[in-house]
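Just so it is clear, the values below take in all heavy atoms, side chains as well, and ignore hydrogens, waters and symmetry mates. Start at 1 and go down the list; that is how both ligands and their atoms are numbered.
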Amino acid sequence: MPSTANPAAPERQYPLRMPSGWVAPVPAWKSTFADSVSSVSMCVIGFQHTPEIRVMGYLRELSAVLVNAAVCDFASSDAGQGMQETVCIAYWLDATKAQADLSCSVFKTMWSKHMAAEFGYGVFCESINVPFDRSETLFSGPVHAHGMSQSRLGVEGPIPHHQYWGGMRDRIPLAARDSLSQSDSLRIVEQSDTRVLVTAHENLCIIRSGQDWSQCDVQQLGEYRDTIEPILKAGMSFLRDHGEQVNCYSCRYMRDLNSDGTDVPRSFGLACFRTMKDLEDWAEHHPTHLAIFNTFLGIAQQHGPDLQLRLWHEVSVLPADGQWAEYVNCRPGTGWLGGI
Ligand code: HEM
């Protein structure tokens, strides 16, 4: 009898968590990228400010200098204690070009201009580079593309590895032979009264998990606003204010914005965990995500294939090298500083 095993596939050292014979109850898709691309770089450039201070113009200026970026998204969040964080999230499909944009003299000059404490706002820049074998994307439909997937080649699916706990890990190629659990401490590499530069430890885990209600009719929008959104907000507030209980260094619950600062009918949680295991544990066991998950499933079951809310996420588990974050005039505990 011929063997059905693929002789080219490397053996897994860590078994899949997908139950045997699993058939996902609803379909999902993942993004595919050109074979010539092996990593994505992502940079969150942000202002920490009070609501009266308008920063979209500054962000537009900064993002215009990132000429090689494939994507520039804008978004804003309530950072607690009366502060907001308004950001541009840029993605590049070439790490060298990301580096070139972020180190060019025009960008550096503009960045330095915002460092004066008397402006009354802080600035931060969180820069990561993710090999694709350490990341995964998941979409509830084959059409919507957000985050890094705005520069994807196509979609693959419906895929089998989802809708069970552990699906995220099963979708990350390197997790087949690496537990991705080794972690150390974030390192402060430069520090002054106003500025901190931090580098990552191995396996820092970043998730951007999004909700898109642009296709919802009045009834489904009402259901989203009245039932899911408040529970999502509570879960994101827990991670923002008490993240240390679950090894979450930072969480921003963000509203997407157009480049002129007007609202887009989408939101996302952008969170940074010590490791993927910590993120898994929160998603699978913590009452805040379980409440989001179960409320959503109740509504999704009522609507079946007519559900109009679109969900997506992208998850990255970082190698230690090449990841850094800079905070200037920001509150203690901002972003990755929440892990120090
Ligand atoms: C998984 C619902 C927000 C973290 C899931 C799954 C659903 C779900 C249905 C299973 C996905 C699949 O494998 O097919 C929701 C809904 C949300 C929401 C309805 C908002 C309205 C978030 C946010 C985060 C998050 C904001 C993190 C910041 C996770 C993680 C998993 C997951 C890490 C994967 C768990 C695993 O595969 O082990 N969620 N979620 N979710 N969610 Fe959420």
Side-chain angles (χ1 to χ4, degrees), residues 14 16-19 22-30 75 77 135-142 146-147 157-172 175 180 205-213 216 220-221 223-243 246-256 265-304 307-317 338:
Y14 295 91
L16 289 170
R17 277 190 69 189
M18 185 167 72
W22 175 252
V23 179
V26 294
W29 286 259
K30 69 176 189 179
S77 68
S135 76
E136 60 96 5
T137 58
L138 189 69
F139 288 82
S140 63
H146 300 305
I159 55 166
H161 300 101
H162 82 100
Q163 200 75 41
Y164 57 89
W165 301 121
M168 167 176 65
R169 183 174 289 271
D170 286 355
R171 291 187 297 271
I172 293 188
L180 301 172
C205 179
I206 312 260
I207 181 167
R208 183 172 172 192
S209 172
Q211 306 79 40
D212 173 346
W213 56 90
C216 289
Q220 292 204 25
L221 182 59
E223 286 169 359
Y224 178 70
R225 289 249 187 265
D226 294 345
T227 55
I228 301 176
E229 198 176 52
I231 297 172
L232 172 61
K233 187 174 179 204
M236 298 293 93
S237 298
F238 165 77
L239 289 180
R240 184 193 66 193
D241 299 335
H242 307 288
V246 291
N247 293 321
C248 175
Y249 295 164
S250 146
C251 180
R252 303 183 177 108
Y253 175 39
M254 310 212 80
R255 275 299 298 264
D256 286 79
R266 295 197 303 264
S267 63
F268 60 91
L270 177 64
C272 171
F273 282 73
R274 185 184 60 173
T275 63
M276 183 166 58
K277 175 80 170 68
D278 295 307
L279 172 58
E280 280 172 319
D281 284 347
W282 174 74
E284 182 174 351
H285 301 297
H286 199 273
T288 52
H289 186 262
L290 290 178
I292 300 168
F293 181 85
N294 289 324
T295 308
F296 167 74
L297 285 194
I299 290 184
Q301 271 160 12
Q302 281 170 34
H303 293 294
L307 182 75
Q308 292 156 345
L309 179 68
R310 293 168 160 182
L311 300 175
W312 68 281
H313 81 202
E314 61 192 29
V315 176
S316 305
V317 183

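When heavy-atom distances to ligand 1 are checked against a 4.0 Å cut-off, Leu270 has no atom that comes that close, whether in backbone or side chain. Only the side chain of Leu311 comes within 4.0 Å of ligand 1, counting heavy atoms alone; its backbone N, CA, C and O stay farther away. Heavy atoms from both the backbone and the side chain of Gln163 come within less than 4.0 Å of ligand 1. With a 4.0 Å cut-off on non-hydrogen atoms, Arg169 does not touch ligand 1 at all. When non-hydrogen atoms are compared, ligand 1 lies under 4.0 Å from the side chain of Ala283 (C-beta onward) but not from its backbone. No part of Glu284 comes within 4.0 Å of ligand 1, judged by heavy-atom distances. The backbone and the side chain of Trp165 each have at least one atom closer than 4.0 Å to an atom of ligand 1 (non-hydrogen atoms only).
Of the possible donor and acceptor atoms, one in the side chain of His289 sits under 3.5 Å from a partner among the backbone N and O of Ala283. A donor-acceptor contact shorter than 3.5 Å is absent between the side chain of Arg208 and the backbone of Phe268. Not a single donor-acceptor pair under 3.5 Å links the side chain of Glu314 to the backbone N or O of Trp312. Side-chain atoms of Trp29 do not come within 3.5 Å of backbone N or O of Thr137 as any donor-acceptor pair.
Annotation for ligand 1: atoms under 4.0 Å from non-hydrogen atoms of Gln211 are 20 (C), 21 (C). Of all the atoms in ligand 1, the ones that sit under 4.0 Å from a non-hydrogen atom of Phe296 are 9 (C), 19 (C). Of all atoms in ligand 1, numbered sequentially from 1 with element shown, those under 4.0 Å from a heavy atom of Leu138 are 11 (C), 12 (C), 13 (O), 14 (O). Ligand 1 places these atoms under 4.0 Å from at least one heavy atom of Tyr164: 37 (O). Listed by atom number, the atoms of ligand 1 under 4.0 Å from Leu279 heavy atoms are 33 (C).
When distances to atom 43 (Fe) of ligand 1 are checked against a cut-off of 2.8 Å, His313 contributes no N, O or S atom below that limit.
The shortest N or O to N or O distance between Ile292 and ligand 1 is not below 3.5 Å. Geometrically, ligand 1 and Trp282 share no nitrogen or oxygen pair separated by less than 3.5 Å. Taking any N or O of Gly166, backbone or side chain, at least one lies under 3.5 Å from an N or O belonging to ligand 1. Of the N or O atoms in Ile228, none lie within a sub-3.5 Å distance of an N or O in ligand 1.
Between Leu180 and Thr275 the shortest side-chain heavy-atom distance does not fall below 4.5 Å. The shortest distance between side-chain heavy atoms of Ile228 and Leu309 falls below 4.5 Å. Within the 4.5 Å cutoff, the side chain of Leu138 has no heavy atoms near those of the Lys30 side chain.
With respect to Trp213, the side chain to side chain contact (heavy atoms under 4.5 Å, CB included) criterion is satisfied by exactly one of Arg310, Glu229, Gln308: Glu229.
Among all protein heavy atoms, the one lying closest to atom 14 (O) of ligand 1 is His162 ND1, 2.6 Å. From the protein, the heavy atom lying nearest to atom 23 (C) of ligand 1 is Ser209 OG, 3.2 Å. If you check which protein heavy atom lies closest to atom 37 (O) of ligand 1, you get Met168 N, 2.9 Å. The nearest heavy-atom contact from the protein to atom 28 (C) of ligand 1 is Ile207 CG2, 3.8 Å. The protein heavy-atom contact nearest to atom 2 (C) of ligand 1 is Phe293 CD1, 4.1 Å. Nearest protein heavy-atom contact of atom 43 (Fe) of ligand 1 is His289 NE2, 2.2 Å.
Proximity of Tyr253 to ligand 1 is not established, as no heavy-atom distance is less than 4.0 Å. Every heavy atom of Val315 sits 4.0 Å or more from the atoms of ligand 1. Within the 4.0 Å heavy-atom cutoff, Met236 counts among the residues contacting ligand 1.
At a cut-off of 3.5 Å, with distance as the only test, no side-chain donor of Glu136 or His161 sits close to an acceptor on the other residue.
In this structure, the separation between CG on Leu290 and OG1 on Thr295 is 10.0 Å, given to the nearest 0.5 Å. Here Ser237 contributes atom OG and Leu232 contributes atom CG; the two are 9.0 Å apart, rounded to the nearest 0.5 Å. We find the CZ-OG distance between Phe273 and Ser250 to be 9.5 Å, quoted to the nearest 0.5 Å. Here the CZ-OH distance, from Arg17 to Tyr164, works out to 9.0 Å after rounding to the nearest 0.5 Å.
In this structure, Phe293 has its ring center closer than 6.0 angstrom to the ring center of Trp165.
Scanning all heavy atoms of the two residues, the minimum distance from Thr288 to Gly235 falls at CB-CA, 3.7 Å.
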